[in-house]
Enquirer: 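Below is one structure. I have some questions about it.
What you see is a predicted model, and the numbers here were worked out from it, not measured in a lab.
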Amino acid sequence: MVRMHHLLAVASVLLALCSLHTVDSSPYDKIVTHSRIRAKNEGPNVCALQQVMGTKKKYFSTCRNWYKGSICGKKAVVLYECCPGYMKLEGMRGCPAVAPIDHVYGTLGLVKATTTQQYADISKLREEIEGKGSFTMFSPSNEAWEQLEPAVRSALVSNVNIELYNALHFHMVNRRLLTKDLKNGMTIKSMYNDLGLYINHYPNGIVTVNCARIIHGNQVATNGVVHVIDRVISTVSNTIKEVLDVQDELSSFSAAALASGMMDKLDQPGHFTLFAPTNEAFEKLSPGYLERIMADKDIIAALVNYHLLNSVQCSEAIMAGSVYETAEGSNIEIGCDGDSLTVNGIKMVLKKDIVTTNGVIHLIDQVLIPNSAKEVMDLMEDSQSTFSDMVSELGLAAAMGPKTEYTLLAPLNAAFTNEVMSTDQSLLRFILENHILKLKVTLAELYNGQLLETLAGKLLRVFIYRTAVCIENACMVHGSKEGSNGALHLMKSIIKPAEKSIYEILFADGRFKIFLSLMESAGLTELLKQEGSYTIFAPTDEAFDGLTEEDFALLTSDVTTLRTILLYHFSNGIFINGGLEGRVTNLLKTIQGNNLQVMSVNSSIHVNSVDVPDSDVMATNGVIHVVKNVLYPADLPVGRQDLLVLLQKLIKYIQIKFLSGFSYTEIPLTFIKRTITTTTHYFETVPEVTKVTRVIEGEPTITKVTRVIGSDPAVTKVTRVIEGDSTGTKLTRLIEGEPSITTVTRVIESEPTITKVVVQGEPTITKVTRVIEGEPSITRLTRVIEGGDRDSKGILSSGPDFSKITTIHGNPNLIDEESERITKIIKEGGRVAAARRPPAAAARRTPAGIRRRTTLARRHNKPRE
């Protein structure tokens, strides 16, 4: 009875302590709870553990390890033990009793840490941990003391009052800390010179102290709590940098860290894990690699950062392979194989858990090289070996040096069929060049409609779909990588750049004559030729079997009906098989307006339940999928009986609805691009003296002569326009001051040619420009030299001597001579006219600086076209 009361009292104390921490339990507490649930059939307070076969290691397992039945790749057996704080009673099922509560010294015996209990006794620590206070003791298990190096253990035992006492104090904290209080990344002061203890509390329930795992936690004592750990821990005072500085076997990595500028980071406070390659690991690198990358700070920094994690990963916390992000930005997988750690699936860790003040170091025997520190050619793996070998054999690798940026679109080995491999080498080289881009383009930089220029000079189109990224007819598979000088994308098939338009392909094929004829009848042929991005399900001639001439006449008699049917075969955008989401219905809106229902199953396409025998025929303006049926929207009725009968001959895979009086909506052809082409011919020669411009424009209608003689800027300009019949002549004279420079401009107009002749002063460059539009008929040049009197009809009756008129027809050699004669006559005519002018006329002379126009003859002509 007394014993029962004692047990109840102990239970109440334990529950009181534990109840303070049940509001939000830690991962360790949760994993223990799950272990208790797994063992509920074994009785109360029993926990299920897993023990790695062949070892003494036991774990409260995660669900992942429990259902796999293994830990670190090794088979694990299930054990059932009392949960922490409970014990068995003889003759009773499970663990119904609460362990007696005692001081820390006595509790060490309860958790079977008898070696620590013994060392506390001989080092005079017993009195302290039996007395008043609140302590946390991280006690090494008996096995942990046995694993300690004999020389170290001997040194401790030989100096129990100082070394052993200080070592035990380093395992203690002067306050009670349950596992819930041990937060990940926290540092707590030990009772030995306040040196730090570095705590990590992992999501899988593992709790470590200086990378020693707590294997039995939360054994509450009257003056504290005891946690049993799996190794003896030692004091820590160095940073990662300081360890690198003093470890001779890490001198190569230390040099790389210095060159990268990362050494300062490794000397600062933080929580890091460094996988440090030994000098022997660097000696395994290909010759010249380290020297080459040491000259590039970005690459060497990427290499160093790839060995660094921004978290502390103690070896005992790793129970299975997990992926971690490195400081370089890419991921590595850290796993375990028995007692060994693995990196990316490879056993390479030589020494584990070198604890520092800012993290932990694991020594490895291989240098980890991230993709960002590799050339693109080195990124290819076995699945792309055929492409890699062919690039080298055909001499293309030489163009892709370490300083050249490029992108490889590498098809998988299966894409290189016997047909491809039997291709002529020059053509095969051209094919491979179309898989090499001139620039570095990462996966994140690709967008729909983007054009990528290849080494062969072709422009490849990019198509972005919900579940795929495709380039022309080929889609990518997962595994794109980014190297130091470019990017690598893996392709399912060989890329075949488009060479012809949809129209050219269908026309050359020969199976689509009826479809092309109907497109022409509907006025839609230009849609097949114009630039754009279209998906067309093109029906072959076979699709129209059974139609008579009368049927075709009926089909083409109503252009709206014909366009409705034909445009249902077109969709805006390019949709290839690889871009369609598999095993679901992909809805493609057609130009007609209704949707096509497209499914991709086992690399084949079905549209509206109709098979597509040939798919992904790439064109410069879209993609062609071949069908042997005419497609028609199931939800679109027909309003005419004759048309219903015709469509029922064509379309047998659906039941077409009839709705009397229904008519199709006219479809505006706004998607047809109209192009107007204008051609202009320019002819230019350069003689030595004279500049002539001729413009010829159809039938002349007006003859106009304008004479301008001025003082300062002393320019005399005569412009003659001779158009058609000379019966209507308009002459305007403006005489200002004394001329010094004479300019004669002739414009000859006829249908449909315009000729313009300009003669200026003393030019040094002669330029002839002809702009000819249409067919010229007659070019006529008539010179009117002087003005004169008019008769009552406004026609010149006196004045210039027309016997002196010279006609020049297609003879530019007379221009100089004629220009001089015209200039001389004009000058003389000006003086004669002034002498003959009556006084009244002189009185009406236009004031200086004001131009006056005198109309000598007027004629009404047809408006100029």
Enquirer: Ring centroid separation for F253 and H307, is it under 6.0 angstrom?
Expert: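 That pair passes the under 6.0 Å test.
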Enquirer: Have N65 and T62 got a donor and an acceptor in their side chains that come within less than 3.5 Å?
Expert: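 Judged by distance alone, the side chains do pair up.
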Enquirer: Can you confirm whether K652 is buried at NZ, in the sense that more than 12 heavy atoms of other residues, nucleotides or ligands lie under 6.0 Å from that atom?
Expert: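 Count over threshold, so yes.
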Enquirer: In chain order, what residues pass the side-chain contact (heavy atoms from CB on, under 4.5 Å) check against E542, with sequence neighbours excluded?
Expert: T540, D545, K628
Enquirer: More than 12 foreign heavy atoms under 6.0 Å from NZ of K649: is that the case here?
Expert: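 Result for NZ/K649: enclosed.
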Enquirer: How about H625 and S615: does a side-chain donor come under 3.5 Å of a side-chain acceptor?
Expert: no
Enquirer: Which label fits F552 and F544: parallel for a plane angle under 30°, tilted from 30 to 60°, or perpendicular past 60°?
Expert: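 The rings of F552 and F544 sit tilted, inter-plane angle from 30° to 60°.
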Enquirer: Answer yes if the side chains of D337 and S340 hold a donor-acceptor pair under 3.5 Å, and no otherwise.
Expert: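 No.
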Enquirer: List for me each residue that meets ring-ring contact (aromatic ring centres under 6.0 Å, His included) alongside F507, sequence neighbours excluded, and say none if there are none.
Expert: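 Checked F507 against ring-ring contact (aromatic ring centres under 6.0 Å, His included); matches are Y503.
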Enquirer: In Å and rounded to the nearest 0.5 Å, what is the OG to CG distance from S484 to L303?
Expert: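 Going from the OG atom of S484 to the CG atom of L303 covers 11.5 Å.
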Enquirer: List the steps and the verdict of side-chain contact (heavy atoms from CB on, under 4.5 Å) for I667 and T564.
Expert: CA-CA 7 Å; I667 303 172; T564 299; 4.2 Å; yes
Enquirer: Between H362 and F275, does the ring centroid distance fall short of 6.0 Å?
Expert: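 Ring-ring flag for H362/F275: true, centres closer than 6.0 Å.
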Enquirer: If you measure only the distance, is there a donor-acceptor pair under 3.5 Å linking the side chains of E482 and S372?
Expert: no
Enquirer: Looking only at heavy atoms, what is the nearest atom pair of N413 and F387, with distance?
Expert: OD1-N, 4.5 Å
Enquirer: For N434 and T454, test the side chains for any donor-to-acceptor distance below 3.5 angstrom and give the result as yes or no.
Expert: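 On atom types as modelled, these side chains qualify, holding a pair under 3.5 Å.
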Enquirer: Will you find, in the side chains of T386 and Q384, an N or O donor that is under 3.5 Å from an N or O acceptor?
Expert: no
Enquirer: Has E520 got more than 12 heavy atoms of other residues, nucleotides or ligands less than 6.0 Å from its CD?
Expert: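 Count not over threshold, so no.
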Enquirer: Check whether the side chains of N602 and R583 place a donor and an acceptor atom closer than 3.5 Å, and report yes or no.
Expert: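 Short answer, yes.
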Enquirer: Regarding N608 and Y568, do their side chains bring together a donor and an acceptor under 3.5 Å, going by distance alone?
Expert: yes
Enquirer: Indicate whether any N or O donor in one side chain lies under 3.5 Å from an N or O acceptor in the other, for N279 and S252.
Expert: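 Per modelled atom types, N279 and S252 side chains form a pair under 3.5 Å.
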